Amino acid sequence: MTNSGNFSRRGVLKGGLAGILATGVSPLIFTRGAYAQEFCNAPTGDTVTIGFNMPLTGAYADEGADEQRAYELAVEHLNGGGDGGLIPFFSSKTLKGTGILGKKVVGVTGDDQTKADAARDSARRMIERDGAVMITGGSSSSVAIAVQGLCQEKGVIFMAALTHSNDTTGKDKKRYGFRHFFNAYQSGIALGPVLGEAYGKERVAYHLTADYTWGWTQEESMKNATEALGWKTLEPVRTPVGAGDFSQYLTPVLNSGADVLILNHYGFDMVNSLTQAVQFGMKDKQANGKQFEIVVPLVSDLMAKGAGAAMKGIYGTSNWDWQLPDDASKAFTKSFGAKFGQPPSQAAHTSYVQALLYADACERAGTFYPPEVIKALEGFEFDGMGNGPTSYRAEDHQCFKEVYVVKGKETPSNPFDLLEVVATASKESVTYDPAIFGGELGPDTAVAC
Amino acid sequence: MALFQLSRRDALIFALFALVVITMPVWTAPFGANYPGLMQKFAIYAIFAIGFNILFGLTGYLSFGHAAFLGVGSYTAVWSFKLLTMDALPALLLAVLISGLFALVIGFLSLRRSGIYFSILTLAFAQMSYNLAYSVLTPITNGETSLQLTLQDPRLIDLAFTTRGAGLPTASLFGVTLSGLSGFYFCAVVLLIAFFFAQKVFASPFGMMLRGIKSNQMRMSYTGFNTRPYALTAFVISGMYAGLAGALLAVTDPLAGAERMQWTASGEVVLMTILGGVGTLIGPVIGAWLIKYFENIFSSFNEGILSRFFDFIPAPLHDTIVAISSKFVGEGWQLTLGLLFVLVVVFLPGGIMEGVRRIGALFRRGTPPKAGAIRVQPAE
């Protein structure tokens, strides 16, 4: 065929041209900015870029929006703007409002869509294109675990915001991942005694569980905590994240023989499932001769706001609450309220604190070089962030601090007065052996990118 | 070698396409898209869309469940990494094989119906696969949490030759790690092979047969053809393309999540193909690039960026424009994409490729085609 000769000549020419272009172009890209940089995205100019990766869409979007506000505030305070928020209260006095190590903090944002895939895409954009030296944010444990894995691979520190699964600092822990937020295991320890006192020792619990790592571990932790009280647990039911309508899962609850419903749901899912459970009349039912009760092991102000009256009298745990009486919490609430006209949620608090902790660790390490920053964070003891004395455990990068048991307020005095702290679990009581969850942190070797 | 021949026109298209793909790091720079993560997505979703177009563009069978094969490919590849080796080739081959088998089963059942019934069947199967991956098959897929590599993976083949490193391994090709730009070039080469194969399918008698099914299936059967094996072959090929794309997603980023199989992901590839131009070779690629660009770049814009962009406008007007346009970026990126889609479908029913053709016709003959006149799709 005549075509054959034609094609091969043309093909060789074109292919050769393409090859030359490719080889000519690619080294330029490989080497650009690679000289002075022994680790990924070393800040070179007079600014330092941090990636804020949070859910702006999806079932946890409310939390993501509040995280975004918190990061905006944190950047402002780190750069010396506003009233400084928590900086004056922070026990480590390295932050002077001059950015981090004299470099002005710049934030880039992305939508993680509450999906692991999208979150990694977004984080990769921040690392590969925008040059983020640290990634923070997220409102789902599956997202946190996925992004944490990516950050370990890329050698970029990940300061997790909202992630409550035991796996984040347990089975899936990473050297480059850090969590200030508490976990499901700690919720169980804190909530167990309160539930025992309020609802007695002979209860039958029915779990509705968000079907992913957070739900699984919270269900397990709650099961252990309540069975230690003498409660019985029925076969748990797993529900997809973002289901919207939970009536099909709630219908069987009343005839199951259970007298407590434990909702291992978060965000809009919890708002929907709790509201629907209350609409089903569960709060007014009697089962096994006792008042039927609903428990939501992890609650936030945002969810309480969404659930409205359904939240009244319901127990849960929180990492932090804006009504805590200490000066730091008051100052942060004031600072946040002045800027955004609403009190901060626990999501906002943990995000803000994580940003400050990273900045402080860099200051103490005197460099952005990740292995040194990691060393500065590991085993770090601090106070003045609203949770009392806190320590970052070196073995699993989990923060240990007080855990608050909260209850939906029966008679709110204002639209934001939704939860009241009814008990505080001490730092010692919620400390556990890191070995129980296994996992390996992996190496801290810096990666060039 | 007749196998590797292309017509002069196709060879030219292939050469141009290769040039565009290989130089992607250069021409994407002005758009802020020249980072490996996104360029890899460009290459991978182009493969997905090309494969989808072999089914939809040629036979006219609209599958609403193609993401299932993408997901199967991803899961297979990650399991190949976990159990066998971090080398990309076994992962790709296994993924193509398994997704092909999967497509054979689903295609065999779905192709008993045509039109909307076929679409609904594929949608139902895909949704079933999604739910299986999400909850029932959690031990295999790890559900919503996503399947990831761990430090304890057996990796039988790798560990027979080397010892376990300290950190998580990355995918490689004969020892060359495939991350960043090398990952992109690997995807680009696979894309070129996939594109070449699609060209061969389009130009072959088999492709002609598929077009026959699209234009009049009944007439095809009356002339003595049993159309179903042809449609099924197209379905399986297109499922294998999706599996290949899914495996590449896992190669460039070893993680597989159930949401990859969700109906929104299936809908996305339909949008890509229609946006670019159904039945054309280049169209779906352009559609895939546009959608991925919008998803990654527009979603990262925030008010700060907009405010700098509209800096030249005086203050009062400036704030209004920023306030309005901020609704279309960030979390509102899908709104922009939706508007673009509506505009394309209303004014260019043949997709962006129709626009290209119209402009081309303006220059070539000086006789613009009548507006609104639906032209027969050229068999290219």
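Proteins come first, then strands; the chains are lettered A, B, ... in the order of their sequence lines, and each starts at number 1. This is a predicted model, so every value here is computed, not measured.
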Part of [X] within contact of chain B (heavy atom distance under 4.5 Å):
X         : result
Lys174(A) : side chain
Glu440(A) : both
Arg238(A) : neither

Residue pair Gly149(A) / Gln148(B): nearest heavy atoms and the distance that separates them: CA-OE1, 4.1 Å
Region of [X] that comes under 4.5 Å of a non-hydrogen atom in chain A:
X         : result
Asn131(B) : neither
Gln334(B) : neither
Thr150(B) : neither

Backbone of [Y] reached by a side-chain donor or acceptor of [X] within 3.5 Å:
X         : Y         : value
Glu128(A) : Tyr35(B)  : no
Glu259(B) : Ala116(A) : yes
Arg124(A) : Leu38(B)  : no
Tyr134(B) : Val241(A) : yes

So how far is it from [X] [atom1] to [Y] [atom2], rounded to the nearest 0.5 Å?
X         : Y         : atom1 : atom2 : value
Asn296(B) : Ser122(A) : CG    : OG    : 8.0 Å
Ile145(A) : Ser146(B) : CD1   : OG    : 9.0 Å
Thr57(A)  : Trp333(B) : OG1   : CH2   : 8.0 Å
Asp253(B) : Glu153(A) : CG    : CD    : 6.5 Å
Thr138(B) : Trp216(A) : OG1   : CH2   : 5.0 Å

So which residue, Leu249(B), Leu255(B), Leu149(B), Leu151(B), ends up with the most heavy-atom pairs under 4.5 Å with chain A?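 Greatest number of close heavy-atom pairs with chain A: Leu255(B).
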Atom OH of Tyr249(A): over 12 foreign heavy atoms under 6.0 Å: yes
Verdict with reasoning, Gln113(A) to Glu295(B), per side-chain contact (heavy atoms from CB on, under 4.5 Å): CA-CA 11 Å; Gln113(A) 299 176 30; Glu295(B) 183 181 331; 4.1 Å; yes
Between Asp117(A), Asp172(A), Ile127(A), Asp121(A), which residue shows the highest count of heavy-atom pairs closer than 4.5 Å to chain B?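 Answer, by heavy-atom pair count under 4.5 Å with chain B: Asp117(A).
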Most chain B-contacting option - heavy-atom pairs closer than 4.5 Å, from Asp111(A), Thr445(A), Asp211(A):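 When all of Asp111(A), Thr445(A), Asp211(A) are compared, Asp211(A) has the most.
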